[in-house]
Number of protein chains: 2
Amino acid sequence: MKITLKDIARELEVSISTVSKALKNSEEISRDTKEKVQAFAKLYNYKPNNIAISLKNKRTKNIGVVIPDIVHHFFTTVIRGIEKYANARGYNVIVCLSEESFDKEVINMEMLANGSIDGFIMSLSSETQQKGDYNHLKEVTEQGIPVVLFDRITNEIECDKVVIDDELGAYRATQKLIEQGRKKIALITTDDYLSVSKARTMGYKKALTDSGLGVDESRILKLPTMEMDEKGIKDFFEGHQDVDAVLCVNEIFAVYSMRLAQEKGLKIPEDISFIGFTDGFLSKYAYPSLTVVAQHGEKMGEISAQMLIDKVEGEKEEEETFQTKILEPTLVVRDSIFH
Amino acid sequence: MKITLKDIARELEVSISTVSKALKNSEEISRDTKEKVQAFAKLYNYKPNNIAISLKNKRTKNIGVVIPDIVHHFFTTVIRGIEKYANARGYNVIVCLSEESFDKEVINMEMLANGSIDGFIMSLSSETQQKGDYNHLKEVTEQGIPVVLFDRITNEIECDKVVIDDELGAYRATQKLIEQGRKKIALITTDDYLSVSKARTMGYKKALTDSGLGVDESRILKLPTMEMDEKGIKDFFEGHQDVDAVLCVNEIFAVYSMRLAQEKGLKIPEDISFIGFTDGFLSKYAYPSLTVVAQHGEKMGEISAQMLIDKVEGEKEEEETFQTKILEPTLVVRDSIFH
C-alpha cells in the first residue's frame with residue numbers, strides 16, 4: 001500500500017499544501033509541523049519518486065488532462081482537440097477535473113502520475129494560481145514526466161506551454177468598440193490572480209489608454225472566479241447605467257449581461273454593445289448572437305497534444321528545451337455589435 | 001507487455017467489435033476470422049480476465065466515468081454530481097469520452113479496467129446503441145467489476161441503472177403545449193436506436209393521441225445523432241411553416257430553432273412555442289429563455305456514484321440484485337411558452 005500526500009494530510013489533519021511544503025522544508029511551515037510531517041512520511045515510507053521510475057519503464061499510451069472545469073465551453077473544445085490529435089497517434093485521453101480546487105488538482109495529478117499516463121496536459125485551477133503554489137507540478141517535471149500547460153499557465157514551471165495572446169484579444173475587442181464610437185466601455189472579469197484575466201484586463205486598459213479615452217477603474221468589475229455570479233453582475237449594472245459597451249472574459253457573463261440590458265429595454269447594439277471571450281454554442285445561438293474573441297480551443301488542444309506526444313516519444317536531449325506557443329485570437333463579429 | 005483487443009484488431013486489420021465477437025465464438029463472424037483471431041490471441045497470451053484479478057486485490061478509490069460527450073450540458077452536470085458525491089466519500093473521478101464511438105468506448109473501458117478504477121459509471125455511445133453490441137460491458141460485469149449505467153442504458157446488461165422517465169417528460173411537455181391551444185406540434189429528435197430519443201418520441205406521440213389531436217409523422221424530424229445539424233433543422237422548418245410549437249430532445253436544437261423562427265419574424269410564444277430537454281446555461285440565458293424538461297443531471301450523477309460506491313464497498317451477496325432508479329422529470333416553465 002503506497003502512501004500519498006493526501007493520506008498524510010488526512011492523517012495529520014493539515015492541508016495537502018502544508019504537507020507538500022513541509023516535505024520540501026519550506027520556511028513557510030513551522031518547525032513543529034515539518035518534523036511531524038517528515039517523521040510520518042519516513043515512517044510510512046512515502047516516496048514521491050517511485051512514480052517516475054515505473055513510468056520510464058513502460059509507455060502507457062495514455063495522456064492525462066487536468067482542467068478546472070467543463071462548464072465553460074472553452075475547455076470542452078480543448079479536450080476535443082486533444083482527443084482528435086492524440087487518438088490519431090494512438091493515444092487515449094484521461095480527463096480529471098480540479099474544479100478550481102488546489103487540493104483536487106494535486107490529488108488528481110498524484111493519482112494519474114501513478115503509472116497510468118505518459119504525460120500531462122493541464123490548465124491551472126484558480127486556487128492554484130491564487131496560492132502560487134506549484135510544487136506538485138515541479139515534482140512531476142523534475143521526475144521527467146512531460147507536462148504541457150495551456151491557457152492558465154505559470155512562469156514558475158519550466159515546460160511547454162500554449163496560450164492565446166489574451167492581451168491582444170482584449171485590445172482588439174476594446175479597440176473595435178472604440179472605433180464604433182463607444183466611450184463608456186465596461187469590463188467584466190475576475191481578480192488578477194487568474195493569468196488570463198490579468199492579461200485581458202491589460203489589453204482592455206491599453207486600448208483605452210492608446211485611444212485617449214483613458215481608464216475608469218470603476219467600470220471594471222472583478223468577480224472572484226469564472227463561476228457565474230448573477231447578483232454581482234446585476235448590482236454592477238445597477239450602479240453603471242451609463243455604460244454603452246461591455247467586454248466580458250467569458251461568454252456566460254456576456255450572455256447574461258445582454259439579457260439584463262434587454263430586460264431594461266435597451267437595444268443591442270443600438271444602445272449598448274457586447275463582446276465576450278470563447279466561441280461556444282451560447283455565443284452562437286444567443287439572441288442577438290454574441291461577438292466574441294475566439295480562443296481557438298480545439299487548435300490549442302491539438303497543439304498541446306502534439307507538443308506532449310513529441311516530448312513523450314522524443315529522445316532526451318543533453319539540455320532540454322521548452323517552448324511557449326502563442327496563438328493569435330480572432331474577433332468573430334456577430335449581431336451584438338455593429339457590422 | 002499485455003496485449004489488448006485494440007492491438008489484435010490493428011494487427012489483423014479487423015474491427016474491435018469483430019475481435020470481441022470472435023473471441024466469444026459469435027456466429028456473426030466467419031470461421032476463418034474466428035480462427036485467426038483466436039490463434040493470435042492465444043499466441044500473444046491475450047487474457048481479458050487479468051484485469052479483474054488485479055482489481056479484486058486492491059482498491060484504487062478511483063471511479064471511471066465513460067460518457068459520449070461533454071458538449072451537451074447534461075453530461076457536464078452529471079459529472080459534477082458524480083464528483084461531488086464521490087469526493088465526499090474519498091473517491092477520485094476519471095473521465096473518458098467515447099465521442100459516440102463504439103471503438104473508443106471499448107478502448108477506454110479496457111484501459112480503465114486495467115487496475116485503475118474500482119468501477120464504472122457509463123452512458124452508452126450512440127454507435128454502441130446502434131450496433132446493439134454490449135460484449136465489452138458483459139465482460140466487465142462478468143468479472144465482478146461494478147457498473148452503473150445512466151441515461152443511455154440497455155436491458156441487455158444486468159447492472160444498476162439510473163434514468164429519468166423520458167417518456168413522461170416528453171408527455172408532460174407535449175400536454176402543456178396542447179393545453180395552451182397548440183395544434184401543430186413538431187418534434188425534433190434523433191433516430192430511435194438512441195434509447196432516450198425513443199422514449200421521448202413515445203411520450204410525445206402518446207400525449208397527441210390521448211388528446212385526440214393524433215400523430216402526424218411528417219412533423220417528426222429524426223436527425224442521425226445529437227450533434228447539431230443546422231441544415232437538417234433549417235430544411236425541416238422550410239417544409240413545415242405551419243407548426244405552432246416545437247419539442248426538442250436537447251437544448252441546442254431548441255435554441256437554434258428559436259433563432260430560425262425569430263429570423264422569420266415570428267414572435268415567441270405568441271406565434272410559436274418551444275420546449276427542450278436539459279436545463280443548461282443555453283436554456284436559461286437564451287432570449288427568450290427556454291422552457292425545458294429538466295433532467296436533473298447533478299442528482300443523476302450523485303445517485304449513480306452512490307449506487308456504484310455502495311456496490312464497490314458492499315459485501316458480495318449470494319445472489320446479486322440490481323436496481324433501476326427512475327427519476328421524475330420536471331418542467332421548468334420560462335418565456336418560450338405562455339405562463
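The chains referred to below are lettered A, B, ... by the order of the sequence lines, with proteins before strands, and numbering in each begins at 1. The model shown is predicted, which means the values in this text are computed figures rather than measured ones. Worth knowing before you read on, the calculation uses all heavy atoms, side chains too, and leaves out hydrogens, waters and symmetry mates.
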Colleague: Evaluate the side chain to side chain contact (heavy atoms under 4.5 Å, CB included) criterion for residues A:Ile70 and B:Phe75: first the C-alpha distance (whole Å), next the side-chain angles of each, then the deciding distance (0.1 Å), finally the verdict.
Modeller: CA-CA 10 Å; A:Ile70 47 175; B:Phe75 289 114; over 6 Å; no
Colleague: Which atoms of A:Met258 are under 4.5 Å from chain B, going by heavy atoms: the side chain, the backbone, both sets, or neither?
Modeller: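 Neither part; nothing is under 4.5 Å.
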Colleague: Not counting sequence neighbours, which residues clear salt bridge (Lys or Arg N to Asp or Glu O under 4.0 Å) with B:Glu83? List them please.
Modeller: A:Lys104
Colleague: Among A:Ile107, A:Asp69, A:Ile252, which residue forms the greatest number of heavy-atom pairs with chain B at distances under 4.5 Å?
Modeller: A:Ile252
Colleague: Over 60° means perpendicular and under 30° means parallel, so classify the ring planes of B:Tyr256 and A:Tyr285, tilted if in between.
Modeller: perpendicular
Colleague: Measure A:Thr77 against the heavy atoms of chain B and call it side chain, backbone, both or neither at under 4.5 Å.
Modeller: neither
Colleague: More than 12 foreign heavy atoms under 6.0 Å from CZ of B:Arg80: is that the case here?
Modeller: no
Colleague: So how far is it from A:Met111 CE to B:Ile117 CD1, rounded to the nearest 0.5 Å?
Modeller: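 Spacing of CE (A:Met111) from CD1 (B:Ile117) equals 11.0 Å.
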Colleague: A:Asp103 versus chain B, heavy atoms under 4.5 Å apart: side chain, backbone, both or neither?
Modeller: neither
Colleague: Would you give the length of the straight line joining atom CZ of A:Phe281 to atom CE of B:Met228, rounded to the nearest 0.5 angstrom?
Modeller: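 Answer rounded to 0.5 Å: 7.5 Å.
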Colleague: For chain A, which of B:Asn87, B:Leu112, B:Val65 has the most heavy-atom pairs under 4.5 Å?
Modeller: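 Highest number of heavy-atom pairs under 4.5 Å: B:Asn87.
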Colleague: My understanding is that only residues two or more places apart in sequence, or in another chain, count here; which of them pass side chain to side chain donor-acceptor pair (under 3.5 Å) with A:Lys6?
Modeller: none
Colleague: Around atom NZ of A:Lys61, are there more than 12 heavy atoms from other residues, nucleotides or ligands closer than 6.0 Å?
Modeller: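 Yes, NZ of A:Lys61 has more than 12 neighbouring heavy atoms, counting only those of other groups under 6.0 Å.
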Colleague: Within residues 259-274 of chain A, which residues come under 4.5 Å of chain B, heavy atom to heavy atom?
Modeller: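 Listed by number, the contacting residues are A:Arg259, A:Gln262.
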Colleague: Nearest 0.5 angstrom please: B:Glu230 CD to A:Lys284 NZ, how far?
Modeller: 4.0 Å
Colleague: For chain A, which residues from residues 89-102 of chain B lie under 4.5 Å away (heavy-atom distances)?
Modeller: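 Residues in range: B:Gly90, B:Asn92, B:Val93, B:Ile94, B:Val95, B:Cys96, B:Leu97, B:Glu99.
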